[in-house]
K.L.:
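Encoded as C-alpha cells, here's the structure I'll be asking about.
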Amino acid sequence: MLYYRHPMIAGTRTVRSDAAGAIPWATIAWFAALTIICYAPVLYNLGRQWANDEDMGHGFFVPLVAGYIMWQRRAEVAAVVPAPNWWGLAVVLWGGAQLYVATLGAELFLARTSLVITIFGIVLFLGGPPLLRALLFPLALLFLMVPIPAIIYSQITFPLQIFASRVAEGALALLGIPVLREGNILELANQKLSVVEACSGIRSLLTLTFLSLVYAYFFDSKAWMRAALLIATVPIAIAANAARVTVTGILTEYDPELAEGVFHTAEGWVMFMIALAMLVATHAVINRIYGAVRGR
C-alpha cells in the first residue's frame with residue numbers, strides 16, 4: 001500500500017492508495033502518444049541514421065537497454081509516491097521550443113536532444129523528483145542514441161587519425177618495416193595506407209562509451225564506477241585503434257589484400273573485442289586497488 005498527497009490541493013490530508021492507482025497510466029499514455037506524434041519525423045530520421053551510419057550502429061540498442069533497465073526498476077518505480085511537479089511542464093515546453101528552433105534551422109542535433117529533454121520533462125511533470133531520481137540513469141542513457149554534431153565529429157576524428165598514424169609509424173619503424181608518413185597517409189613498400197575517418201577510432205569510442213556505462217551498471221553496484229570506466233574508454237579506444245592501424249601495416253607486408261574487404265572488417269571486430277576485454281580488465285584492476293585501499 002502507498003500513501004500520497006493530492007498534488008493539486010494544498011493542505012489535504014494523506015490518503016491511502018494502492019500502487020496501481022497511484023500511477024496515472026492514462027495520462028502517461030496520452031503524453032507518450034503526443035510525443036510520438038510530434039517527434040515522428042525526428043524518430044524516423046534517427047532510425048535511418050542508425051541503420052546507415054556504422055558509427056551509430058549501437059543506437060538501436062540504447063532505447064532497448066534503457067527500457068530494460070526501467071523494467072528492472074519497476075518495483076522501485078511502483079513504490080514511488082507520485083508528486084507531480086510543474087517545473088516538468090516547463091522542461092517539456094523547453095523541449096518543444098528547442099524542437100521548433102531546430103526545425104527552422106534544420107539542426108538535427110538540437111531536434112534529437114530535444115526528444116530526450118521532453119521525456120525528462122514528462123517524467124518530472126507526472127511523477128516529480130522522486131520518479132525522476134528513480135529513472136535518472138536509463139533516461140540519461142538515451143542521450144547516447146543521438147549522434148554527435150558534425151562539427152564536433154570532424155574536430156575529434158582528425159586528431160585521432162593523426163595520432164593513430166603516428167603510433168603506427170613508430171611501431172612499424174621499430175619492427176624494421178620501412179614506412180613514410182605524410183599526415184594521415186602511411187607509405188609502405190607494397191601499399192599506401194590512408195587512415196580515413198572510419199579508421200579514426202571514433203566508432204569504437206562511441207560504442208565503448210555506451211557499453212562501459214551499461215557494463216558498470218549491471219556488474220558493479222558502485223555509482224562512481226560508471227564514471228571511472230567511462231573515462232577509461234578514451235585511452236582504451238585510442239590505443240586499440242592505433243594497434244589496429246599498426247597490425248594492418250604489418251599484414252600488408254605479407255599480403256596487401258589483407259588490408260581490404262572482409263579481412264579488414266574482421267580485423268576491426270577482433271580489435272574491438274580486445275578493447276572490450278581491456279575495459280573488463282580495467283574494471284578488475286580498479287576494484288582490486290579499491291579493495292586494497294579500503295582494507296588498510
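For the single chain, residues carry numbers from 1 onward in sequence order.
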K.L.:
With side chains defined as the heavy atoms from C-beta onward, is the minimum distance between L186 and E169 less than 4.5 Å?
P.N.:
yes
K.L.:
So, do I152 and F109 sit near enough that their side-chain heavy atoms are less than 4.5 Å apart?
P.N.:
no
K.L.:
Could you list the donor-acceptor pairs under 3.5 angstrom formed between side-chain atoms of residues 58-70 and any protein atom two or more places apart in sequence or on another chain?
P.N.:
| residue | atom | partner | partner atom | Å |
| --- | --- | --- | --- | --- |
| H58 | NE2 | L144 | O | 3.4 |
| Y68 | OH | Q72 | NE2 | 3.4 |

K.L.:
Is there a side-chain contact between I148 and I156 (heavy atoms, below 4.5 Å)?
P.N.:
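The answer is yes, as the side chains (C-beta and beyond) meet within the 4.5 Å cut-off.
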K.L.:
With a 6.0 Å cut-off (strictly less than), is the heavy-atom count around CH2 of W94, excluding the residue itself, greater than 12?
P.N.:
no
K.L.:
Side-chain contact, heavy-atom cut-off 4.5 Å: Y39 with S114?
P.N.:
yes
K.L.:
Within 45° of the six-membered ring axis of F137 and under 6.0 Å from that ring's centre, is NZ or CZ of R73 located there?
P.N.:
no
K.L.:
Linking I/L/V/M/F/W/Y whenever their side-chain heavy atoms sit closer than 4.5 Å, directly or via other members, would Y100 and V116 fall into one cluster?
P.N.:
no
K.L.:
Can any side-chain N or O of D53 pair as donor or acceptor with the backbone N or O of Q49 at less than 3.5 Å?
P.N.:
no
K.L.:
I'd like to check N241 versus L205 (side-chain heavy atoms, cut-off strictly below 4.5 Å). Are they in contact?
P.N.:
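N241 vs L205: side chains apart.
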K.L.:
Write down the atom of T282, the atom of I236, and the distance for their closest heavy-atom approach.
P.N.:
OG1-CD1, 3.6 Å
K.L.:
Would you please name every residue forming a salt bridge (charged side-chain N to carboxylate O under 4.0 Å, His left out) with E187, sequence neighbours left out?
P.N.:
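Per chain and number, E187 pairs via salt bridge (charged side-chain N to carboxylate O under 4.0 Å, His left out) with K192.
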K.L.:
Distance-only, no hydrogens or angles: does the T233 side chain make a donor-acceptor pair with backbone N or O of L230 under 3.5 Å?
P.N.:
yes
K.L.:
List for me each residue that meets ring-ring contact (aromatic ring centres under 6.0 Å, His included) alongside W224, sequence neighbours excluded, and say none if there are none.
P.N.:
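W224 satisfies ring-ring contact (aromatic ring centres under 6.0 Å, His included) with Y290 only.
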K.L.:
Which atom pair, heavy atoms only, marks the closest approach of I286 to A228?
P.N.:
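Smallest heavy-atom distance, with atoms named: CD1-CB, 4.1 Å.
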K.L.:
Counting neighbours of CG on L104 that are heavy atoms of other residues, nucleotides or ligands and sit closer than 6.0 Å, is the number greater than 12?
P.N.:
yes
K.L.:
With a 6.0 Å cut-off on the ring centroids, do H283 and F219 count as close?
P.N.:
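No; F219 has its ring centre 6.0 Å or more from that of H283.
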K.L.:
Identify which one of W87, F31, F120 satisfies the ring pair (Phe, Tyr, Trp, His ring centres under 6.0 Å) criterion when paired with F125.
P.N.:
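With F125 as partner, W87, F31, F120 yield a single ring pair (Phe, Tyr, Trp, His ring centres under 6.0 Å), made by F31.
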K.L.:
Would a hydrophobic clustering, with Ile, Leu, Val, Met, Phe, Trp and Tyr connected at side-chain separations under 4.5 Å, put I122 with W86?
P.N.:
yes
K.L.:
Which atom pair, heavy atoms only, marks the closest approach of P129 to N85?
P.N.:
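Residues P129 and N85, closest heavy atoms: CD-ND2, 3.9 Å.
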K.L.:
Is there side-chain contact between N45 and R112, with at least one heavy-atom pair below 4.5 Å?
P.N.:
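In contact.
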K.L.:
Side chains of N287 and K222: does their closest heavy-atom pair fall under 4.5 Å?
P.N.:
yes
K.L.:
Kindly work out whether a path of hydrophobic side-chain contacts (I/L/V/M/F/W/Y, heavy atoms less than 4.5 Å apart) joins L93 to V101.
P.N.:
no
K.L.:
For L99 and C38, which heavy atoms make the closest approach, and how far apart are they?
P.N.:
CD2-O, 4.0 Å
K.L.:
Using a cut-off of 6.0 Å, state whether more than 12 heavy atoms not belonging to R74 lie near its atom CZ.
P.N.:
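Check passes, neighbour count above 12.
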K.L.:
Could you check if a side-chain atom of L175 sits within less than 4.5 angstrom of a side-chain atom of I250, using non-hydrogen atoms only?
P.N.:
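The answer is yes, as the side chains (C-beta and beyond) meet within the 4.5 Å cut-off.
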K.L.:
Transitively linked via ILVMFWY side-chain contacts under 4.5 Å: I185 with L180?
P.N.:
no
K.L.:
Is it true that atom OH of Y217 has more than 12 heavy atoms of other residues, nucleotides or ligands lying nearer than 6.0 Å?
P.N.:
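Counting other residues, nucleotides and ligands, OH of Y217 exceeds 12 neighbours.
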